[in-house]
Asks: 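Have a look at this one.
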Amino acid sequence: MNTTATHPQSRSGQEWQEFYERLSRSGTAPLWEVLGQIVPSQPLRACVPAFWSYDEVRPMLMEAGRMITAKEAERRVLILENPGARGQSRITQSLYAGLQLVLPGEEAATHRHTASALRFVIESEGGYTAVDGERTTMHPGDFILTPSWSWHDHGNSGAKPVIWLDGLDIPIVNFFDAGFFEHHAQDLQPVTRPQGDALARYGANMLPLDDEQQRPATPLFTYPYARSREALERVFRSGPVDVCHGVKMQFTNPATGSYTMPTIGAFLQMLPRGFDGLPYRSTEGAIYCVVEGRGQSRVGEETFLWKEHDVFAIPSWYAVSHQAESEAVLFSFSDRPVQKMLGIWREQAPML
Ligand code: GTQ
């Protein structure tokens, strides 16, 4: 750095340099050199808008399936790495995403970690996830959660590959240096409750009597697509349709009415055929997965042409607008709950 150019007052360049070297040796640094970067006038983002075509990634995931078993890999996943943060295992600044493959007959052993995870099912006939003693069968479009420190394993008792999108808060947990992981004593955890138990207890607009347990994450760990899709369709029919989002709903924790997990919010939205949305931006880092339909999203200067199963990332404060060629359904997840809790959430909607 040329100190004389920035700080011409009284002192010589040599004096500045000597001073900065002494500061550095003492483990200090001058704030005035970095203030604009660490307290920016608006977000300075390393992550960029990014797009993954399912048609392009799927063959490589299948290739991984021929090269490594689920057992060998622990989890056979291709990480979706943001081009602005290669090697950092993140799709946005705060979240991780990947595509996981479980082949027929395979099992991904039981483990737990402090990171919270969600699965959005892309292909499955007979895939399942078990969470804390209860199994749930995976159908395309199902949204399944494995909250922090819950035991989970995955398997495929069908005849075709099972593939889903993983979303985890790994960058957030590691930011706090709070990452822990352990294996279960058994490869497959014992099943202690019948399928559908959590849905009956928490997913039927009732709660068990006196259920006042404070839980940071939802006790309802599976949100079947058939139900969410029907709700969206009905809400859409009676309107109104938001000028930016179409019809967008957020998944909730039925015990609190809040987000499904403290670090990751999840959403489902429907865009009517021909929808031409207005631009919108917010500070959330969001990941989208196309469930149905075709269309395009403008994100900053980029245009992503999407169809079923494609994934794209929208980092903080990039303007986004969606256009739907056919009726479309988009699933998304983001760090919105954390930002809202911290009181730093901002949005501009619509940007006119
Ligand atoms: O399925 O438990 O994509 O532990 C990354 C870490 C999936 C999982 C990932 C994991 C998992």
Side-chain angles (χ1 to χ4, degrees), residues 50 52 54 57-58 60-62 64-65 67-82 85-92 94-103 106-124 127-138 142-157 161-176 178-189 217 221-223 260-261 263-264 266 285 287-289 309 311 313 331-335:
W52 290 265
Y54 191 68
V57 179
R58 190 186 187 281
M60 284 183 285
L61 189 55
M62 295 309 295
M67 298 185 71
I68 190 166
T69 64
K71 196 177 177 66
E72 286 166 342
E74 177 85 22
R75 295 295 189 258
R76 191 201 288 111
V77 177
L78 294 185
I79 302 171
L80 304 181
E81 283 200 327
N82 191 286
R86 294 310 302 263
Q88 295 179 30
S89 304
R90 66 182 81 210
I91 187 164
T92 59
S94 60
L95 296 174
Y96 158 106
L99 288 169
Q100 181 159 174
L101 166 69
V102 182
L103 289 170
E106 281 190 328
E107 281 154 0
T110 311
H111 69 205
R112 64 178 177 182
H113 32 70
T114 39
S116 301
L118 66 80
R119 332 275 165 198
F120 187 71
V121 183
I122 294 177
E123 294 181 38
S124 173
Y128 64 86
T129 282
V131 182
D132 281 340
E134 183 179 333
R135 269 193 186 189
T136 186
T137 303
M138 296 171 129
D142 289 355
F143 165 51
I144 293 164
L145 295 116
T146 51
S148 179
W149 214 236
S150 55
W151 291 114
H152 55 283
D153 50 81
H154 318 295
N156 180 356
S157 37
V162 168
I163 299 175
W164 66 79
L165 176 70
D166 277 324
L168 285 91
D169 59 2
I170 289 171
I172 298 176
V173 172
N174 290 344
F175 175 79
F176 290 113
F180 290 90
F181 169 98
E182 62 189 27
H183 278 119
H184 197 276
Q186 293 154 276
D187 263 4
L188 289 188
Q189 64 180 308
F221 68 96
T222 176
Y223 294 73
T260 42
M261 295 192 291
T263 46
I264 316 179
I287 298 91
Y288 279 74
C289 183
H309 312 326
V311 177
F331 170 80
S332 60
F333 64 96
S334 81
D335 56 12

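One-based numbering, in listed order, for ligands and for the atoms of each. What's counted below: heavy atoms across the whole structure, side chains too, no hydrogens, waters or symmetry copies.
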Asks: Would you please say whether a donor-acceptor pair under 3.5 Å links the side chains of His111 and Arg75?
Replies: yes
Asks: Compare every heavy atom of Ala108 with every heavy atom of Asp153, then report the nearest pair and how far apart it is.
Replies: CB-O, 3.1 Å
Asks: side-chain hydrogen bond (donor to acceptor under 3.5 Å, both in side chains) with Arg119: which of Asp166, Thr136, Asp142?
Replies: Asp166
Asks: Determine whether Arg135 and Thr129 satisfy the following criterion, side-chain contact (heavy atoms from CB on, under 4.5 Å), listing intermediate values before the conclusion.
Replies: CA-CA 6 Å; Arg135 269 193 186 189; Thr129 282; over 6 Å; no
Asks: Sequence neighbours excluded, which residues qualify as side-chain hydrogen bond (donor to acceptor under 3.5 Å, both in side chains) partners of Thr114?
Replies: none
Asks: Protein residues near ligand 1, heavy-atom distance below 4.0 Å?
Replies: Arg75, Val77, Tyr96, Gln100, His111, His113, Arg119, His152, His154, Asp166, Leu168
Asks: Do Val173 and His113 come close enough that some side-chain heavy atom pair is under 4.5 Å?
Replies: no
